[in-house]
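First comes the structure, then the notes that go with it.
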Amino acid sequence: MPQSPTTDATDNRTSTGSNASDYLIRHTTLRQLQLLEAIVRLGSFTRAAEELFLTQPTVSMQIKKLSEAIGAPLFRHVGRTIEPTDAGREVHLACRDILNTLSNLEIKLADLKGLKRGRLRLGVLTTAKYVAPEILGAFCRVYPGIDVSLKVTNREQILERLMGHDDDLYVMGQPRETNAQVQTIPFAPNPLVMVASVDHPLASQRSIPLRALTEENFILRESGSGIRDAVLAQFAANGLMPRVRMQLGSNEAIKRAIVGGLGIAALSLHSLTLESAGGRLALLDVDGFPIMRRWHLVYSRGRELSLVARTFLDFAIDYEPEIRARLAEAEANFAQIRERLIAQSG
């Protein structure tokens with residue numbers, strides 16, 4: 001009896017489109033596609049393993065299986081880094097479409113269930129970590145069935161996550177540029193105030209001219225910080241330049257430096273509400289301060305907001321009076337500290 005021709009995996013992969021797609025459906029998994037997407041986005045097998053709570057050997061094994069199913073290597077080493085091959089880039093584009101389609105399906109199914117269940121993923125700029133959890137906590141008290149996640153990171157990574165549609169909404173500061181692909185909605189005040197230690201000579205003075213600050217040692221946030229840009233712009237608008245002593249990468253580090261007598265700095269009032277009850281920091285009464293800024297909720301126009309995300313967006317906007325009340329209380333407490341210092345100095 002004649003034998004039918006044999007075919008191998010490679011033949012199946014290179015036959016008709018229907019057969020090829022059937023082969024990939026049988027021999028690839030959504031988890032493998034998720035892993036490939038994470039590796040390309042993060043540029044590392046190790047970081048992808050950490051994000052998805054897997055071991056690196058598991059990630060390597062799954063990518064090897066995916067590569068065998070595709071019939072071509074998906075990554076190559078370039079020095080100490082890895083990058084996708086041409087085949088890897090094609091698979092990455094396809095898996096992004098697949099994962100986004102599944103995400104949109106999840107959104108539509110969650111919408112059908114209403115707000116009894118659902119998921120909300122927030123990406124939060126590091127300096128917004130003082131305001132976002134408060135709003136998120138209030139939201140979860142009203143909607144306890146919602147599963148929430150909060151990713152706090154720097155501006156560069158927030159923008160990467162925004163372009164990658166990794167989260168539903170993002171909490172950021174003042175936008176530096178307009179982008180037709182991104183929707184930006186202001187929702188809460190973010191005043192920047194000048195801060196010194198309580199034993200600093202300027203802490204017991206009123207109506208300090210901005211020029212007087214040029215004689216002080218200044219502590220600035222790192223390059224790229226929105227606070228840094230706003231403060232330098234305020235000085236430049238008055239033809240002045242602060243005397244920068246050091247640059248630090250976090251508000252907590254700056255507060256410690258101020259307490260240590262290393263200088264003065266401008267900070268978001270949100271980062272000082274806990275200290276306003278009476279501590280080692282004081283707000284300076286400086287002409288031109290506070291600099292009034294606002295927090296913004298940001299999302300990609302190319303991704304449909306879920307019912308949960310739309311509800312949180314409206315909730316955050318409506319929550320503004322609570323935030324303003326909290327800031328007003330902090331300002332009043334700091335004003336009492338200033339009056340006490342003025343009385344002591346007199």
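One is the number of the first residue; the rest follow in order along the sequence. Only heavy atoms go into these numbers, but all of them, side chains included; no hydrogens, no water, no symmetry mates.
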Spell out, yes or no, whether [X] and [Y] are grouped together once hydrophobic residues are joined by side-chain heavy atoms under 4.5 Å, including indirect joins.
X: M241; Y: V286; result: no
X: L192; Y: W295; result: no
X: V193; Y: V131; result: yes
X: F75; Y: L33; result: yes
X: L284; Y: L281; result: no

Mind telling me whether F315 and F312 have parallel, tilted or perpendicular rings, with 30° and 60° as the class edges? parallel
Nearest 0.5 Å, please: how far is [atom2] in [Y] from [atom1] in [X]?
X: I291; Y: I227; atom1: CD1; atom2: CD1; result: 9.5 Å
X: L36; Y: T28; atom1: CG; atom2: OG1; result: 11.0 Å
X: I63; Y: T58; atom1: CD1; atom2: OG1; result: 11.5 Å
X: H270; Y: R326; atom1: NE2; atom2: CZ; result: 10.5 Å
X: C95; Y: L102; atom1: SG; atom2: CG; result: 11.0 Å
X: L313; Y: I185; atom1: CG; atom2: CD1; result: 4.5 Å

Which atoms form the tightest heavy-atom contact between [X] and [Y], and what is the distance?
X: I258; Y: S197; answer: CG2-N, 3.4 Å
X: I158; Y: K151; answer: CD1-O, 4.5 Å
X: R245; Y: N217; answer: NH1-ND2, 3.4 Å
X: A316; Y: L297; answer: CB-CD1, 3.7 Å
X: A38; Y: L52; answer: CB-CD1, 4.2 Å
X: A257; Y: M246; answer: CB-SD, 4.4 Å

Determine whether a donor-acceptor pair (N or O, by modelled atom type, separation under 3.5 Å) exists between the side chain of [X] and the backbone of [Y].
X: T126; Y: T153; value: yes
X: H200; Y: L202; value: yes
X: D168; Y: R121; value: yes
X: Y130; Y: T127; value: no
X: R47; Y: L42; value: yes
X: T85; Y: P73; value: yes
X: R294; Y: N190; value: no
X: R228; Y: L220; value: no
X: D166; Y: L162; value: no
X: H27; Y: I25; value: no

Looking only at side chains, do [X] and [Y] share a donor and an acceptor under 3.5 Å apart?
X: Q205; Y: R338; result: no
X: S268; Y: S271; result: no
X: Q62; Y: Q32; result: yes

For the CD atom on E156, are there more than 12 heavy atoms of other groups (residues, nucleotides or ligands in this structure) within a distance under 6.0 Å? no
Hey, is CZ on R256 packed in by over 12 heavy atoms from elsewhere, all under 6.0 Å? no
The single option from E90, H92, R89 that satisfies side-chain contact (heavy atoms from CB on, under 4.5 Å) with P84 is R89
Please determine whether salt bridge (charged side-chain N to carboxylate O under 4.0 Å, His left out) holds for the pair E68 and K65, giving the CA-CA distance in whole Å, both sets of side-chain angles, and the decisive distance to 0.1 Å. CA-CA 5 Å; E68 291 171 349; K65 289 182 177 180; over 6 Å; no
Are [X] and [Y] close enough that some pair of their side-chain heavy atoms sits under 4.5 Å apart?
X: D285; Y: S207; answer: yes
X: S67; Y: L74; answer: yes
X: N238; Y: R211; answer: no
X: P191; Y: R293; answer: no
X: I146; Y: R119; answer: no
X: R301; Y: Q181; answer: no
X: Q247; Y: R221; answer: no
X: F187; Y: V171; answer: yes

Applying salt bridge (charged side-chain N to carboxylate O under 4.0 Å, His left out) to E320 and R324, what does each step give before you reach the verdict? CA-CA 6 Å; E320 181 174 355; R324 287 188 177 278; 2.9 Å; yes
Please walk me through it: do L213 and I264 pass side-chain contact (heavy atoms from CB on, under 4.5 Å)? CA-CA 9 Å; L213 299 189; I264 63 175; 3.8 Å; yes
Go through it in stages, so that I can follow the logic: the residues are F289 and Q234, the test is side-chain contact (heavy atoms from CB on, under 4.5 Å), and I'd like the CA-CA distance, side-chain angles, deciding distance and then a yes or no. CA-CA 9 Å; F289 280 82; Q234 182 79 330; 4.2 Å; yes
Presence of salt bridge, [Y] and [X], under 4.0 angstrom:
X: E222; Y: R155; value: no
X: E51; Y: R41; value: yes
X: E216; Y: R243; value: no

